There are 2 protein chains.
Amino acid sequence: MSLRFALLGLLAVEPASGYDLKRAISRSTYFIWNATGPQIYNTLHKLREEGCITSRSLAQDGKPDKQIHTITARGRARLEEFMSEPIRASVTRDEVLLRIFFGNFASKKVIRRELGSYLERIRRERAYMEATEARINAHPGSKHEARRFQLLSLRIKVAQYRAMEQELVRFLGDGDRETRLVKLRRHRRGASAKNTLRIAGSTRLVRNRSN
Amino acid sequence: MSLRFALLGLLAVEPASGYDLKRAISRSTYFIWNATGPQIYNTLHKLREEGCITSRSLAQDGKPDKQIHTITARGRARLEEFMSEPIRASVTRDEVLLRIFFGNFASKKVIRRELGSYLERIRRERAYMEATEARINAHPGSKHEARRFQLLSLRIKVAQYRAMEQELVRFLGDGDRETRLVKLRRHRRGASAKNTLRIAGSTRLVRNRSN
DNA sequence: CGCATATAGTAAAGTACTTACCTATGAAAG
DNA sequence: CTTTCATAGGTAAGTACTTTACTATATGCG
């Protein structure tokens, strides 16, 4: 549903082709909303049918023709309408957390390897995003409202990555060369009990919630 | 795709009906992977066709019959196979961040109101999750591997919420009674420049990335 | 008594997303 | 000098997921 609005938001800045939008997304909103080519083209077709954008063909030499899409007044209205709606409970669908949640179904070796390489990946990603943030901040003239919000979303994502990294490092017991943290060895009190996770049982991991 | 594995993961603990699974998900994995009724039933049908689960009817008195689904050896193999695959670049699809990214298309009042109420929501959610975590930790006998991983995913989500809260509080200028943080007022050097965000232009927010 | 809620689902329709493929150009690699 | 890669611009088909609505029975609430 929201890809519509990501596209409208980008088109509200300037007209673009489907391909331009694809690149724009992989450059600017990739950490928020990713979309593949077909999805973008499909959504553009729908937006056109709904009268939110208009399209005109532009012949190019050496390249295929492209369709330039321009946002209409109706499209702008839809965008503002979307932005004024209350924020829905975000659809939680996190494959990484799912893998962790069911981590006991993989061998210890495999899960350490997978979480380790995931940690490396988000560390690189975060470093890159932080460099971007620094670059934008060092760059004066960023007083545009648009940029302020873009920076905020970037900062939030960075903070979330950092939080995840900390938890992963703690879990993996700092088997890494970069952080050199003090290894926490907690004395485990070796108690035993019979309360395990029961799917529909009494020891709930979290509360019962309607819907 | 991963709902299959969430269901298999839950069924690997104990057999359950579709309804049980729905409740289990809204109790235990709701912060990771949510699913609606029809989706669960559909996926169960597919899993049965694939031979990953078997189902038998169980008559109950006072209630409708239910179908108890049990994971098969094949299902367990599929689950372990899934768990051994490399973690894919997680599909980023965050409506909240999208709303923030395009925040300039809403009025200041609206965005402050929406972010404020979102902040309240995740604060409550986090408090609840932390209470759950404390309850589980206070509860010895949690030496089960399964529970360790469940706790880890819970902790990661909590840490991510906390990170987001901090950024939101900072952005909203601490108009809240709970945290009483020192208001950071940064002296802005009032420079001007003409480099704005151009969608396909040279001042990229982030790098160009394949795919 | 009537209504809400919990139980245990099915049906149908639509939206969102993925995988695989196609055409064509131009530049670099061998 | 031709195969391969990267860029440009897209389509077709299929899978995954959501929404809405519907069918039943039983239990508790006021």
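Because the structure is a prediction, the values reported are computed rather than measured. Order of the sequence lines sets the chain letters (A, B, ...), proteins ahead of strands, with each chain counted from 1.
- Remark: B/E80 engages no residue in a salt bridge (charged side-chain N to carboxylate O under 4.0 Å, His left out) (not counting sequence neighbours).
- In this structure, B/L21 atom CG and C/dT7 atom C1' are separated by 14 Å, rounded to whole Å.
- Atom-to-atom, OH of B/Y41 to P of C/dG9 comes out at 5 Å; the value is rounded to the nearest Å.
- Across all strands shown, A/G37 has no heavy atoms under 4.0 Å from either base or sugar-phosphate atoms.
- Going from atom CZ of B/R23 over to atom P of C/dG9 covers 10 Å, rounded to whole Å.
- Computed from coordinates, the A/D20 CG to D/dT7 C1' distance equals 12 Å when rounded to whole Å.
- Between the C1' atom of D/dG9 and the CZ atom of A/R56 lies a distance of 16 Å, rounded to the nearest Å.
- Phosphate contact (OP1/OP2 of C/dT15, side-chain N/O of A/R4, threshold under 4.0 Å): absent.
- With sequence neighbours left out, A/Y19 forms a ring-ring contact (aromatic ring centres under 6.0 Å, His included) with no residue at all.
- Taken over five-pair windows at either terminus, the axes of the helix from C/dC1-D/dG30 to C/dG30-D/dC1 are inclined to one another by 30° (rounded to 10 degrees).
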Solution key, residues 42-52 of chain B side-chain donor-acceptor pairs under 3.5 Å, sequence neighbours excluded:
unit_1: B/N42; atom_1: ND2; unit_2: B/P38; atom_2: O; d: 3.4
unit_1: B/T43; atom_1: OG1; unit_2: B/Q39; atom_2: O; d: 2.7
unit_1: B/H45; atom_1: ND1; unit_2: B/R48; atom_2: NH2; d: 2.9
unit_1: B/R48; atom_1: NH1; unit_2: B/S55; atom_2: OG; d: 2.9
unit_1: B/E50; atom_1: OE1; unit_2: B/R78; atom_2: NH2; d: 3.3
unit_1: B/E50; atom_1: OE2; unit_2: B/R4; atom_2: NH2; d: 2.3

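- The listed nucleotides are C/dA11, C/dC17, C/dA20; the one nearest the side chain of B/P38 is C/dA11.
- In this structure, B/E114 has no salt bridge (charged side-chain N to carboxylate O under 4.0 Å, His left out) partners at least two apart in sequence or on a different chain.
- Each of A/Q67 and B/L3 has a nearest nucleotide on DNA chain D; the 5'-most of these lies closest to A/Q67.
- One finds a side-chain N or O of B/S17 lying less than 4.0 angstrom from the OP1 or OP2 phosphate oxygen of C/dG9.
- Atom NZ in B/K22 sits roughly 13 Å away from atom C1' in C/dT5 (whole-Å rounding).
- B/N42 has its CG atom 10 Å from the C1' atom of C/dA11, to the nearest Å.
- With B/F82 as the aromatic partner, A/R99 meets the cation-pi criteria of under 6.0 angstrom to the ring centre and within 45 degrees of the ring axis.
- Dashed line: the shortest gap from a side-chain N or O of B/R93 to OP1 or OP2 of C/dC17 is under 4.0 Å.
- In terms of position along DNA chain C, the nucleotide closest to B/Y19 lies nearer the 5' end than the nucleotide closest to the other residue of the pair A/S2 and B/Y19.
- Taking atom NZ of residue B/K46 and atom P of nucleotide D/dG14, one finds them 14 Å apart after rounding to whole Å.
- Between A/H45 and D/dT11, a side-chain N or O to OP1/OP2 separation shorter than 4.0 Å is present.
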**Asked** Between A/I53 and A/Q67, does a side chain to side chain contact (heavy atoms under 4.5 Å, CB included) hold up when you go through it step by step?
**Response** CA-CA 11 Å; A/I53 59 174; A/Q67 309 259 94; over 6 Å; no
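- For B/R162, the side-chain hydrogen bond (donor to acceptor under 3.5 Å, both in side chains) test picks out B/E130, with sequence neighbours left out.
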